[in-house]
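One structure is given here, and the rest of the page talks about it.
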Amino acid sequence: LVLDPAGPNVLQSNTINYKIVRPAADFILTKTVAPVATGIGGVFTFTVKIDNTSGNIGTNLLFEDTFPKVLTILNVISNDADDDVPDTNELAVINSSTANRFIQFGLSDIPANGGRKITIFAQVNNLAKVTSNYGNTAYIRTSDLTKVWQSNTVTYQIITDIVLPPTGGKEIDRSIL
């Protein structure tokens with residue numbers, strides 16, 4: 001507020017805009033797959049670990065992963081890296097109408113020096129016609145898609161000479177694969 005001594009008592013004001021910038025977090029993304037090979041009807045378990053290696057909270061993050069059409073996504077579970085309690089605030093959107101199966105969802109804040117674990121169960125379907133190696137990449141991005149924080153790719157093999165019997169909703173014995 002400034003009083004103008006040269007004129008009538010006119011008050012002037014100045015507005016100052018501040019932009020508060022939160023320091024960026026740093027992430028390490030690790031993706032694994034087990035087993036590394038299976039046949040039609042077999043189930044792959046993909047595990048993605050996101051570690052926040054900074055002292056800053058990771059906010060406004062988006063998780064994305066794309067799988068080939070020969071895999072049917074059975075389930076996606078997201079939780080803190082140090083527990084196995086699913087985070088019910090994170091609901092995955094699975095789009096299987098495109099050429100690939102696309103998973104995307106917003107992540108809960110990742111605490112400083114904390115982490116998230118995402119587990120994806122995918123079953124080989126009968127679209128697999130030829131034994132082949134496949135790969136897919138997981139990403140974490142800013143929610144406005146302007147920056148890719150980290151990505152990681154795994155490779156695996158689908159062997160079409162092997163057709164596993166239906167599991168009838170029971171867990172598959174992966175020790176034979």
Side-chain angles (χ1 to χ4, degrees), residues 25 27-53 58 61-111 113-141 143 148-177:
F27 301 102
I28 296 174
L29 186 143
T30 307
K31 184 174 184 177
T32 59
V33 60
V36 294
T38 193
I40 296 172
V43 175
F44 287 110
T45 301
F46 297 90
T47 303
V48 180
K49 292 184 179 176
I50 304 166
D51 293 310
N52 181 351
T53 60
L61 298 172
L62 188 68
F63 173 81
E64 295 179 349
D65 208 339
T66 304
F67 295 87
K69 270 272 207 216
V70 297
L71 295 178
T72 300
I73 307 301
L74 301 176
N75 198 5
V76 179
I77 301 170
S78 176
N79 50 278
D80 288 335
D82 56 357
D83 68 40
D84 288 325
V85 179
D87 188 336
T88 57
N89 294 324
E90 297 175 355
L91 299 176
V93 174
I94 301 171
N95 181 347
S96 57
S97 62
T98 61
N100 293 308
R101 315 265 186 213
F102 185 77
I103 297 172
Q104 182 182 66
F105 60 92
L107 291 169
S108 297
D109 289 351
I110 300 177
N113 301 306
R116 304 288 298 155
K117 181 173 71 173
I118 299 156
T119 308
I120 302 162
F121 301 93
Q123 186 171 36
V124 180
N125 60 45
N126 61 5
L127 294 176
K129 303 295 183 201
V130 178
T131 295
S132 185
N133 293 322
Y134 292 87
N136 70 302
T137 304
Y139 298 92
I140 50 172
R141 305 176 187 270
S143 59
V148 175
W149 280 104
Q150 188 66 255
S151 65
N152 197 312
T153 302
V154 294
T155 58
Y156 47 95
Q157 185 177 48
I158 296 174
I159 305 166
T160 55
D161 311 13
I162 300 172
V163 178
L164 299 173
T167 63
K170 297 179 183 172
E171 183 64 26
I172 292 175
D173 180 4
R174 294 188 181 119
S175 65
I176 61 171
L177 301 177

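Gly58 and Asn52 make their closest contact through N-ND2, 3.5 Å (heavy atoms, listed as atom of the first residue, atom of the second, distance). The heavy-atom pair separating Ile158 from Ala128 by the smallest distance is CG2-CB, 3.9 Å. Residues Thr137 and Asp65 share a closest heavy-atom pair of O-OD1, 2.9 Å. Here the closest non-hydrogen pair linking Ala37 and Ile159 is CB-CD1, 4.0 Å.
Residues forming a ring pair (Phe, Tyr, Trp, His ring centres under 6.0 Å) with Phe63 (at least two apart in sequence, or on another chain): Phe105. Not a single side chain to side chain donor-acceptor pair (under 3.5 Å) links Ser132 to another residue, sequence neighbours left out. Not counting sequence neighbours, the partners of Tyr156 by the ring pair (Phe, Tyr, Trp, His ring centres under 6.0 Å) test are Phe44, Phe46.
Between Ile110 atom CD1 and Thr53 atom OG1 the span is 11.0 Å, to the nearest 0.5 Å. Interatomic distance, CG of Asp109 versus CG of Leu61, reported as 8.0 Å (0.5 Å rounding). To the nearest 0.5 Å, atoms NZ (Lys31) and CD1 (Ile120) are separated by 5.5 Å. The CD1 atom of Ile140 sits 4.5 Å away from atom CD1 of Ile50, with the distance rounded to the nearest 0.5 Å. Rounded to the nearest 0.5 angstrom, Ile73 CD1 and Ile103 CD1 are separated by 4.0 Å. Within the model, atoms NZ of Lys117 and NZ of Lys49 stand 6.0 Å from one another, a figure rounded to the nearest 0.5 Å.
A 4.5 Å side-chain heavy-atom check between Asp161 and Thr131 finds at least one atom pair inside the cut-off. Using a 4.5 Å heavy-atom threshold, the side chains of Asn136 and Val154 count as touching. Side-chain contact check for Ile118 versus Leu107: some heavy-atom pair is nearer than 4.5 Å. Between Tyr139 and Thr66, every side-chain heavy-atom pair lies at or beyond the 4.5 Å cut-off.
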Go through Thr38 and Val43 one step at a time and tell me if the side-chain contact (heavy atoms from CB on, under 4.5 Å) criterion holds.
CA-CA 7 Å; Thr38 193; Val43 175; over 6 Å; no
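At least one donor-acceptor pair closer than 3.5 Å links the side chain of Asn125 to the backbone N or O of Lys69. Remark: side-chain polar atoms of Gln123 are paired, donor with acceptor, to backbone N or O of Gly41 under 3.5 angstrom.
Residues Arg116 and Ser78 have side chains that bring a donor and an acceptor to within less than 3.5 angstrom of each other. No donor-acceptor contact under 3.5 angstrom links the side chains of Thr119 and Thr47, judged on distance only. Between the side chains of Asn133 and Thr155, not a single donor N or O lies within less than 3.5 Å of an accepting N or O.
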